[in-house]
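In what follows, a structure is listed as structure tokens, so that the remarks can point back to it.
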Amino acid sequence: MEFQADDYRHMARALVLARRGRFSTDPNPRVGCVIVSGGRVLGEGWHRQAGGPHAEIDALEHAGEAARGATVYVTLEPCSHQGRTGPCAPVLANAGVARVVAAMEDPNPAVSGDGMRLLQRAGIQVQTGLLEAEARRLNAGFVQRMTRGIPRVIVKTAASLDGRTAMASGESRWITGPDAREDVQRLRASCSAVLTGIGTVLADDPSMNVRSSGIDTAGRQPLRVVADSRLRMPPDARMLSLPGRTLIVFAGEASNADLEAAGAELLNCPGANGQVDLTAMLRALGERQCNDLLVEAGPRLSGAMLSAGLADEIVIYMAPHLMGDTARGMFTLPGLEKLADRVQLRIRDMRMVGGDLRIRAQIRENRTD
């Protein structure tokens with residue numbers, strides 16, 4: 001059965017609803033749902049936060065008994081397993097809906113088609129694949145964690161038009177304007193964790209938290225992660241006094257009781273040459289249910305993520321000024337000696353944010369959709 005124009009319209013609306021949970025559903029996926037009968041919308045719902053009602057349940061509560069015989073449009077396959085809340089597929093079956101259209105199957109191995117099969121056994125017509133690419137992009141980090149066991153990695157930087165992130169002295173505040181900095185807050189809020197390096201901590205003492213009153217995170221703060229191979233993190237670092245968790249990733253036999261007393265969690269990921277094993281760190285973050293990792297670091301750590309093939313996307317905020325050839329660059333990328341060695345990108349979006357240009361580019365080798 002082919003999809004009709006109304007199917008596209010209602011699924012597009014479900015995707016709009018799902019995006020409302022961009023900042024608050026983590027580690028759960030963002031899901032929206034629309035229930036329709038006879039061309040009339042009976043109920044709409046979206047998943048607001050982890051532990052709360054799923055989108056289908058929210059929409060059914062609005063539709064009530066009128067849902068019997070209706071069509072349900074949902075951006076992700078209804079779940080069939082017991083988690084923090086009950087499964088949605090049996091509830092839809094009990095509600096007597098006639099048809100369920102899901103944008104995509106759930107990549108979670110605990111579901112992965114079981115929800116749709118349960119609905120089929122109940123005599124409900126099921127279809128998948130409507131606006132699937134859009135649904136996958138909306139939950140790219142969740143999909144990657146479920147299929148590869150690691151979060152999606154987004155490397156963010158702010159630079160001048162000549163690609164400089166700080167003056168030779170290290171001065172960098174502020175390269176971009178207030179609108180771009182507010183946009184970074186939204187990007188940060190949409191991620192499970194934010195990573196920086198010990199060099200940035202020692203130089204800038206950053207907060208690495210979401211500080212915008214206009215963003216509803218349902219009280220959630222991203223996990224703060226510091227790559228600190230030799231545990232040089234000061235126990236009085238600003239981020240350790242803020243709400244939320246801080247994870248310090250080190251390498252080797254170092255220990256620091258003062259950091260643990262200050263509330264930090266320590267994770268040993270020893271790699272080559274006394275450095276943090278970045279791949280092991282990502283696996284550990286995946287085990288901690290991190291869907292999206294935002295890298296807000298200096299050129300060495302950001303470059304290391306790119307060189308290791310661990311970055312999936314780059315977000316660059318470019319300010320309309322020049323800082324000169326003695327200023328610091330965006331990424332340290334040793335070994336790029338020929339054009340064939342270039343890191344290939346696919347530009348996904350370019351737009352003005354206030355007076356600055358925001359570029360979102362995907363690493364071609366690491367496509368997740």
Side-chain angles (χ1 to χ4, degrees), residues 22-23 137 140-141 152-191 193-197 199-201 203-204 206-212 214-215 222 292-336 339 341-369:
R22 177 185 171 196
F23 305 126
R137 277 196 292 272
R152 180 177 66 139
V153 176
I154 305 167
V155 177
K156 165 261 169 185
T157 190
S160 59
L161 279 181
D162 53 348
R164 304 297 171 172
T165 61
M167 303 306 293
S169 64
E171 179 187 0
S172 63
R173 194 171 292 184
W174 295 101
I175 290 177
T176 55
D179 291 327
R181 297 199 295 273
E182 178 65 18
D183 196 67
V184 170
Q185 292 293 311
R186 290 191 288 273
L187 178 59
R188 190 179 290 176
S190 70
C191 291
V194 183
L195 169 69
T196 197
T200 298
V201 173
D204 300 334
S207 299
M208 292 175 59
N209 62 350
V210 178
R211 301 185 298 275
S212 175
I215 301 174
D292 297 277
L293 172 68
L294 179 64
V295 181
E296 294 191 64
R300 285 186 60 194
L301 180 54
S302 295
M305 298 296 287
L306 288 164
S307 295
L310 299 175
D312 299 286
E313 184 177 343
I314 297 176
V315 179
I316 303 173
Y317 295 87
M318 301 206 78
H321 53 243
L322 306 175
M323 293 169 61
D325 60 356
T326 62
R328 301 179 183 180
M330 287 192 281
F331 309 114
T332 301
L333 296 170
L336 301 186
L339 284 177
D341 299 327
R342 292 172 295 178
V343 178
Q344 296 289 331
L345 307 176
R346 180 189 300 272
I347 294 179
R348 299 296 298 265
D349 180 74
M350 294 178 64
R351 67 183 63 191
M352 297 302 297
V353 180
D356 303 305
L357 175 65
R358 188 189 73 190
I359 303 171
R360 299 192 74 137
Q362 192 171 40
I363 313 296
R364 286 188 174 183
E365 291 82 355
N366 292 350
R367 293 197 62 182
T368 58
D369 64 301

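As the structure is a computational prediction, the values presented were derived from the model and not from experiment.
R328 CZ to M167 CE: the interatomic distance, rounded to the nearest 0.5 Å, is 10.5 Å. Considering CG of L293 and CG of L310, their distance stands at 10.0 Å, rounded to 0.5 Å. With rounding to the nearest 0.5 Å, the separation of CG in L195 from CG in L301 is 5.0 Å. Rounding to the nearest 0.5 Å gives a distance of 5.5 Å between OG1 of T157 and CZ of F331.
P299 and G329 get closest at one heavy-atom pair: CB-O, 3.7 Å. For the residue pair T165 and M323, the shortest heavy atom distance occurs at C-CE, 4.2 Å. Across A166 and A327, no two heavy atoms sit closer than the pair O-CB, 3.1 Å. Nearest approach of S160 to L322, heavy atoms of both residues: CB-CA, 4.4 Å. Summarising the geometry of L333 relative to G303, their closest heavy-atom pair is CD2-O, 3.5 Å, with the distance given to 0.1 Å. Nearest heavy atoms, R188 versus L294: CA-CD2, 3.8 Å.
The side-chain heavy atoms of L357 and I359, taken from C-beta on, include a pair separated by under 4.5 Å. R164 has its side chain out of reach of T326: every pair of non-hydrogen atoms, C-beta onward, lies at least 4.5 Å apart. In this structure, the side chains of M208 and E296 stay at 4.5 Å or more apart for every pair of heavy atoms. Residues R351 and D183 fail the side-chain proximity criterion, which asks for heavy atoms closer than 4.5 Å. Looking only at side-chain heavy atoms (C-beta outward), S212 and E182 come within less than 4.5 Å of each other. By the 4.5 Å heavy-atom criterion applied to side chains, P320 and D356 are counted as neighbours.
Formation of a donor-acceptor pair under 3.5 Å by the Q185 side chain with backbone atoms of R211 is found in this model. Between the side chain of D292 and the main chain of I154, no donor-acceptor pair closer than 3.5 Å is present. Side chain of R181 to main chain of T176: a donor-acceptor pair is present (N/O by atom type, distance under 3.5 Å, no hydrogens or angles). Counting only distance, with no hydrogens or angles, the side chain of D179 and the backbone of V353 share no donor-acceptor pair below 3.5 Å. Checking side-chain atoms of D312 against main-chain N and O of V153 turns up a donor-acceptor pair under 3.5 Å.
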Checklist entry - side chain to side chain contact (heavy atoms under 4.5 Å, CB included) between E313 and R348: does it pass, once the steps are laid out? => result CA-CA 9 Å; E313 184 177 343; R348 299 296 298 265; 6.0 Å; no
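Within a 6.0 Å sphere centred on CZ of R300, other residues, nucleotides and ligands contribute 12 heavy atoms or fewer.
Here the rule is side-chain contact (heavy atoms from CB on, under 4.5 Å) with I314, and of L306, V295, V343 only L306 fits it.
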